[in-house]
Structures are given as structure tokens and as C-alpha cells.
There are 2 protein chains.
Amino acid sequence: MEGKNVCIRELADPVQINDCRKKVAANEKSFTQLSAILSLAGNDVRLKILYLLEEEKELCPCDLSDILGMSIPAISQHLRKMKDGDIVGSRKVGQTILYSLRTEHLKLLRPFFKIINQVNLKTETV
Amino acid sequence: MEGKNVCIRELADPVQINDCRKKVAANEKSFTQLSAILSLAGNDVRLKILYLLEEEKELCPCDLSDILGMSIPAISQHLRKMKDGDIVGSRKVGQTILYSLRTEHLKLLRPFFKIINQVNLKTETV
DNA sequence: TCATTATTTAAGCAAATGCTTAAATAATGA
DNA sequence: TCATTATTTAAGCATTTGCTTAAATAATGA
């Protein structure tokens with residue numbers, strides 16, 4: 001951004017622009033946090049994992065690997081990302097580690113699962 | 001995936017696993033489509049753009065560049081991605097191109113804006 | 001027609017992503 | 001104690017992402 005390539009039109013409403021700047025500034029943290037969660041859900045594999053955890057309550061990396069036909073390390077790395085992002089949690093039972101959805105962000109995530117099931121319903125009826 | 005590194009535990013419930021596989025298979029397309037949209041929203045800059053379009057109804061790349069303090073090409077490339085993903089549309093007025101949210105996916109996106117504004121409210125009251 | 005303005009496109013590049021394979025941890029049970 | 005099982009971690013690598021700068025399009029108005 002070298003100040004070049006900048007529009008200088010008079011159509012621009014400086015009040016509106018300034019208003020928008022303030023809105024963005026006031027919500028900076030929300031944008032960062034929300035976009036982080038959305039980018040976690042914005043991956044095919046992770047969205048499937050989240051969906052399966054919602055359906056089954058708890059699953060281990062091993063099960064997920066079986067279900068999704070992916071290597072255990074690949075699954076494990078996805079789970080770690082989501083754990084770091086606080087959208088999944090885990091408990092240990094023997095040598096098995098059971099992952100589950102954390103409740104904090106369920107309000108955000110649940111509509112996604114609903115959408116998935118709705119579309120499913122649609123294709124089933126056809 | 002070389003079949004190696006696979007858990008062979010007896011704890012696994014083969015019925016459950018198979019059930020899960022079916023659920024995933026039945027919704028394959030939904031996962032792909034939904035995760036694509038979420039990954040678009042799962043970026044700080046794009047989430048801000050979406051939020052601003054919701055608030056202001058229409059904005060041009062130039063305005064967005066001003067508001068977000070980013071180069072015009074950077075903004076333009078984000079807008080193109082979202083246009084390709086069908087979550088924004090555009091109309092031309094003279095040499096200005098006005099971008100806006102497409103209605104199709106608003107049901108999915110609106111809760112995000114709500115969350116942003118809620119958090120904003122909270123911090124304002126403090 | 002030509003300079004100006006708004007936008008897009010393209011090439012280049014550093015950083016992030018998502019897998020792979022191999023090795024490291026940790027719990028279990030013989 | 002030692003082999004087995006479940007999981008994580010780490011290194012390597014190809015691909016994708018998101019910016020930059022420079023050049024290409026396209027509309028406007030003198």
C-alpha cells in the first residue's frame with residue numbers, strides 16, 4: 001500500500017467511510033475470533049469431524065480415521081487444530097482419547113449441522 | 001494411507017462406524033459446499049467485507065480499500081473469490097462497481113453479523 | 001482522441017495449509 | 001519388563017493463500 005492506486009472520486013461519502021472505519025475498529029477482536037472459528041469449520045475434513053462429533057457425542061481419532069478413510073496422523077492434526085481453537089475437547093479412557101464438541105461455540109456451529117441434515121433430507125425425498 | 005497405523009481395537013463398534021460412513025457419504029456434497037462458504041467467511045478481511053456489505057448494502061472496491069486500509073488489488077481479489085463463491089454480487093454504475101451480499105446465503109451469514117454486533121454491544125456497555 | 005479514474009488481472013513471492021512417513025509417548029496386559 | 005496398541009509429534013513437501021507491484025481494461029469527460 002503505497003498510497004498509490006487509490007480512488008480519489010468525489011462520489012465517496014467521507015461520513016460513511018469514517019462510520020465504517022469506526023465499526024470495524026470497534027469489532028476488531030470479534031472479527032479475529034469469529035473468522036478463526038469459521039476457518040476451522042471451513043475445511044471439508046474438519047466440518048465432517050464436527051458433524052460426526054455432534055451426531056455421536058464422542059469419537060476417538062481411530063474411529064474418525066476409519067470413518068473418513070484418512071490416516072491417523074492427518075486426523076490427529078485436524079483435532080489438534082480444533083482443540084487449540086477451543087471448539088473440541090477430549091477425555092482419556094485407557095489409551096483411547098475421546099473427542100467431543102465443546103459447548104461454548106455450539107450456538108454458532110449447530111446451524112451448520114442443521115443445514116447439512118436439511119439438504120440430506122431433500123436428496124433423500126427425491 | 002498404507003493400511004498401516006490403523007487401530008485394531010475391539011472397542012470399535014462396527015455398526016456405529018458403518019452408520020457414520022453412510023451419513024458422511026450421504027452428505028458429501030453438503031460438506032463440500034458448506035465448507036467452501038465457511039472458508040470464505042473464515043478470513044478476517046473477507047468477514048469484515050461481508051459485515052460492511054450487510055451494514056451499508058452496497059460498497060465499491062475503492063470504499064472498502066479506504067475503510068480497511070488495504071490496497072485496491074487486495075480487496076478486488078477477495079471480492080472476486082466471494083463472487084466466484086456466489087456470496088456477493090455486483091452491479092456497475094459508470095466506472096464504479098458496487099458490490100452487495102447475495103440473498104441466497106444470507107440465512108447462513110446473518111448469524112455471524114449478529115454475533116459481531118452482540119459482542120460490540122457488550123464491550124460498549126463496559 | 002486522449003488523459004484520467006476505477007477496477008481487474010497477472011506474475012512473483014513469503015507464509016500457511018494439509019497431507020505423508022517415520023519416530024516419539026504413553027497406557028495395557030502378558 | 002516387554003511387546004502391543006492408541007495417539008501425538010516432527011520433518012518434509014506440494015499446494016494454496018494472500019499479499020505486492022506492474023500492466024491491462026474499461027468508462028468518463030475535456
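Heavy atoms only: backbone and side chains are in, while hydrogens, waters and symmetry mates are out. Proteins get letters first, then strands, A, B, ... in listed order; numbering begins at 1 in each.
One can place CG of B:L79 at 12 Å from P of D:dC19, the figure rounded to the nearest angstrom. When rounded to the nearest whole Å, the span between CD of B:Q95 and C1' of D:dA24 equals 15 Å. In this entry the distance linking NZ of B:K81 with P of C:dT8 reads 15 Å, nearest Å. Rounded to whole angstrom, the span from the CZ atom of A:R80 across to the C1' atom of C:dT17 amounts to 13 Å. In this structure, the NZ atom of B:K92 is 13 Å from the P atom of C:dA6, given to the nearest Å. Between B:N43 atom CG and D:dT16 atom C1' the separation is 13 Å, expressed in whole Å. One atom, CE of B:M70, and another, P of C:dT8, lie 14 Å apart when rounded to the nearest Å. Taking atom NE2 of residue A:H78 and atom P of nucleotide C:dT17, one finds them 12 Å apart after rounding to whole Å.
Of the residues in residues 82-91 of chain A, none lies under 4.0 Å from DNA chain D by heavy-atom distance.
A:L108 is listed as a side-chain neighbour of A:L34, based on a closest heavy-atom distance under 4.5 Å.
You'll find that the side chain of B:Y99 is closest to C:dT8, out of C:dT7, C:dT21, C:dT8.
Scanning both residues, A:C60 and A:T96, for their nearest heavy atoms gives CB-CG2, 3.6 Å.
To the nearest 0.5 Å, atoms CG (B:L53) and SG (A:C20) are separated by 9.5 Å. In this structure, CD1 on B:I116 lies 12.0 Å from NZ on A:K23, to the nearest 0.5 angstrom. Here the CG-CZ distance, from A:L101 to A:R110, works out to 8.5 Å after rounding to the nearest 0.5 Å.
In this entry C:dT7 has D:dA24 as its Watson-Crick or G-U wobble partner, both defining distances falling under 3.5 Å.
When each of B:G42 and A:I97 is assigned the nucleotide of DNA chain D with its nearest heavy atom, A:I97 is the one assigned upstream, toward the 5' end.
Salt bridge present: A:E28 and B:K48 bring a charged side-chain N and a carboxylate O closer than 4.0 Å.
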